[in-house]
Amino acid sequence: GLYFAEFIPHLMPNVRGLVESAESAELLDPLVRLMGCLASSYPRIFSFHFKDLVDVLIGRHIDSTQPESLIELISEFLIDLHSFWAADVAFSLNLIGQFLEDMDTYVQEINGKVVHDEEQALSPEECQSKVASLLQVLCTVVRGLDSADRKS
């Protein structure tokens, strides 16, 4: 009801903090589901937290140590946020640009065109894994925008 809606703005930063600090898929899974409920039930309030939550979830999405089932859940959740992606196309395009820049850097590193300190250097396999993760999250954002376009 109305009283609970007044509580949601105070809840959102705590949910974000939990997502940032959650170490296990067992905890992240219900948090992503909770965010889905909040986004659909309280879209106006959720919209104020959309960018921050997306930043955190994208970090989890591209983390290759996360279980595939969690990455899929995060991907589907992000795609389901189509109305939020559509409401801030500039943010979406900026993210896509960041992904493309990061991929370019990793590809250059694979090709030996970027030189780091020995401690910072990634193996070609690690770079390829990073590029694959970035391609996967890029597809997720594009699908979120595509879904938004079809709904409008």
Side-chain angles (χ1 to χ4, degrees), residues 4-111 113-114 116 120 122 126-152:
F4 191 67
E6 294 170 4
F7 176 71
I8 299 300
H10 305 288
L11 177 67
M12 294 302 295
N14 293 318
V15 171
R16 176 182 169 210
L18 287 170
V19 172
E20 286 177 333
S21 64
E23 296 293 326
S24 69
E26 290 77 20
L27 185 55
L28 281 168
D29 185 292
L31 285 168
V32 171
R33 294 178 195 283
L34 171 62
M35 286 187 292
C37 292
L38 295 171
S40 63
S41 298
Y42 304 97
R44 189 182 67 70
I45 297 167
F46 186 87
S47 68
F48 293 110
H49 302 274
F50 171 70
K51 290 179 187 178
D52 290 336
L53 290 169
V54 164
D55 283 341
V56 174
L57 289 174
I58 283 178
R60 296 302 180 133
H61 193 301
I62 62 176
D63 179 356
S64 59
T65 65
Q66 297 293 336
E68 188 61 34
S69 60
L70 180 63
I71 291 172
E72 287 174 20
L73 176 68
I74 291 170
S75 180
E76 289 306 313
F77 170 68
L78 291 171
I79 291 166
D80 286 345
L81 297 177
H82 44 77
S83 61
F84 299 96
W85 292 113
D88 198 341
V89 174
F91 171 71
S92 307
L93 295 176
N94 183 47
L95 274 177
I96 289 170
Q98 288 176 15
F99 300 151
L100 294 172
E101 275 182 37
D102 291 349
M103 281 187 269
D104 184 53
T105 300
Y106 290 123
V107 169
Q108 286 184 30
E109 196 165 321
I110 291 168
N111 295 331
K113 294 182 180 170
V114 175
H116 295 290
Q120 290 180 330
L122 296 175
E126 290 171 313
C127 289
Q128 288 172 351
S129 176
K130 298 274 188 191
V131 170
S133 294
L134 286 163
L135 282 168
Q136 192 176 21
V137 78
L138 173 68
C139 288
T140 294
V141 173
V142 169
R143 287 179 60 202
L145 283 165
D146 184 51
S147 296
D149 194 39
R150 291 172 194 225
K151 304 265 187 219
S152 43

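Just so it is clear, the structure is predicted and the values come from calculations on it, not from any experiment.
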Quick one: [atom1] on [X] to [atom2] on [Y], what's the gap to the nearest 0.5 Å?
| X | Y | atom1 | atom2 | result |
| --- | --- | --- | --- | --- |
| Ser92 | His82 | OG | NE2 | 13.0 Å |
| Ser69 | Ile74 | OG | CD1 | 9.5 Å |
| Leu81 | Ser47 | CG | OG | 11.0 Å |
| Leu31 | Ser21 | CG | OG | 8.5 Å |
| Ile71 | Ser133 | CD1 | OG | 6.5 Å |
| Lys130 | Thr105 | NZ | OG1 | 12.5 Å |

Practice task
Taking side chain to side chain donor-acceptor pair (under 3.5 Å) as the test, write out the residues that go with Thr140, two or more places apart.
Solution key: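 Thr140: side chain to side chain donor-acceptor pair (under 3.5 Å) contacts with His61, Ser75.
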Exercise for the section: With sequence neighbours excluded, tell me which residues meet side chain to side chain donor-acceptor pair (under 3.5 Å) with Gln128. Expected result: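 For Gln128, no residue satisfies side chain to side chain donor-acceptor pair (under 3.5 Å) once neighbours in sequence are set aside.
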Practice task
For the residue pair Val19 and Met35, establish whether any side-chain heavy-atom pair is separated by less than 4.5 Å.
Solution key: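 Contact flag for Val19/Met35 side chains = yes.
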Practice task
With side chain to side chain contact (heavy atoms under 4.5 Å, CB included) as the test, would you mind laying out the steps for Glu109 and Leu122 before giving the verdict?
Solution key: CA-CA 8 Å; Glu109 196 165 321; Leu122 296 175; 3.5 Å; yes
Handout entry: side chain to side chain contact (heavy atoms under 4.5 Å, CB included) evaluation trace for Val141 with Leu78
Key = CA-CA 7 Å; Val141 173; Leu78 291 171; 5.9 Å; no
Problem - side chain to side chain contact (heavy atoms under 4.5 Å, CB included) assessment of Arg60 paired with Leu28 - result: CA-CA 9 Å; Arg60 296 302 180 133; Leu28 281 168; 3.2 Å; yes
Practice task
Please step through side chain to side chain contact (heavy atoms under 4.5 Å, CB included) for the pair Gln136 and Ile62, ending with a clear verdict.
Solution key: CA-CA 8 Å; Gln136 192 176 21; Ile62 62 176; over 6 Å; no
Handout entry: Residue pairs fulfilling side-chain hydrogen bond (donor to acceptor under 3.5 Å, both in side chains) with at least one residue in residues 28-41, sequence neighbours excluded
Key =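 Of all non-adjacent pairs touching residues 28-41, those that pass side-chain hydrogen bond (donor to acceptor under 3.5 Å, both in side chains) are Asp29-Arg33.
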Problem - Phe84: ring-ring contact (aromatic ring centres under 6.0 Å, His included) partners, not counting sequence neighbours - result: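 Phe84 satisfies ring-ring contact (aromatic ring centres under 6.0 Å, His included) with Phe46, Phe50 once adjacent residues are dropped.
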Could you list the residues that satisfy side-chain contact (heavy atoms from CB on, under 4.5 Å) with [X], not counting sequence neighbours?
| X | value |
| --- | --- |
| Pro30 | none |
| Glu72 | Glu68 |
| Leu100 | Ile96, Met103, Leu138 |
| Leu95 | Val54, Asp55, Ile58, Trp85, Phe91, Gln98, Phe99 |

Exercise for the section: Please list all pairs passing the salt bridge (Lys or Arg N to Asp or Glu O under 4.0 Å) test where one or both residues lie in residues 37-46, with sequence neighbours left out. Expected result: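 For residues 37-46, and leaving out neighbouring residues, there are no salt bridge (Lys or Arg N to Asp or Glu O under 4.0 Å) pairs at all.
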Please report, to 0.1 Å, the donor-acceptor pairs under 3.5 Å made by any side chain of residues 9-16, with sequence neighbours excluded.
from	atom 1	to	atom 2	distance (Å)
Asn14	ND2	His10	O	3.1
Arg16	NE	Glu20	OE2	3.3
Arg16	NH2	Glu20	OE2	3.2

Practice task
Measure across Leu70 and Gln66 and return the closest heavy-atom pair with its distance rounded to 0.1 Å.
Solution key: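 So the minimum-distance heavy-atom pair works out to CD2-OE1, 3.1 Å.
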Practice task
Answer yes or no: is there a donor N or O on one side and an acceptor on the other, between the side chain of Asn111 and the main chain of Lys113, under 3.5 Å?
Solution key: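 No: the side chain of Asn111 does not pair with the backbone of Lys113.
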Handout entry: salt bridge (charged side-chain N to carboxylate O under 4.0 Å, His left out) involving Glu76 - partner list, sequence neighbours excluded
Key =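 For Glu76 the salt bridge (charged side-chain N to carboxylate O under 4.0 Å, His left out) partners, ignoring immediate neighbours, are Arg143.
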Problem - Partner residues of Asp88 under the salt bridge (charged side-chain N to carboxylate O under 4.0 Å, His left out) criterion, sequence neighbours left out - result: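 Once residues adjacent in sequence are excluded, the partners of Asp88 under the salt bridge (charged side-chain N to carboxylate O under 4.0 Å, His left out) criterion are Lys51.
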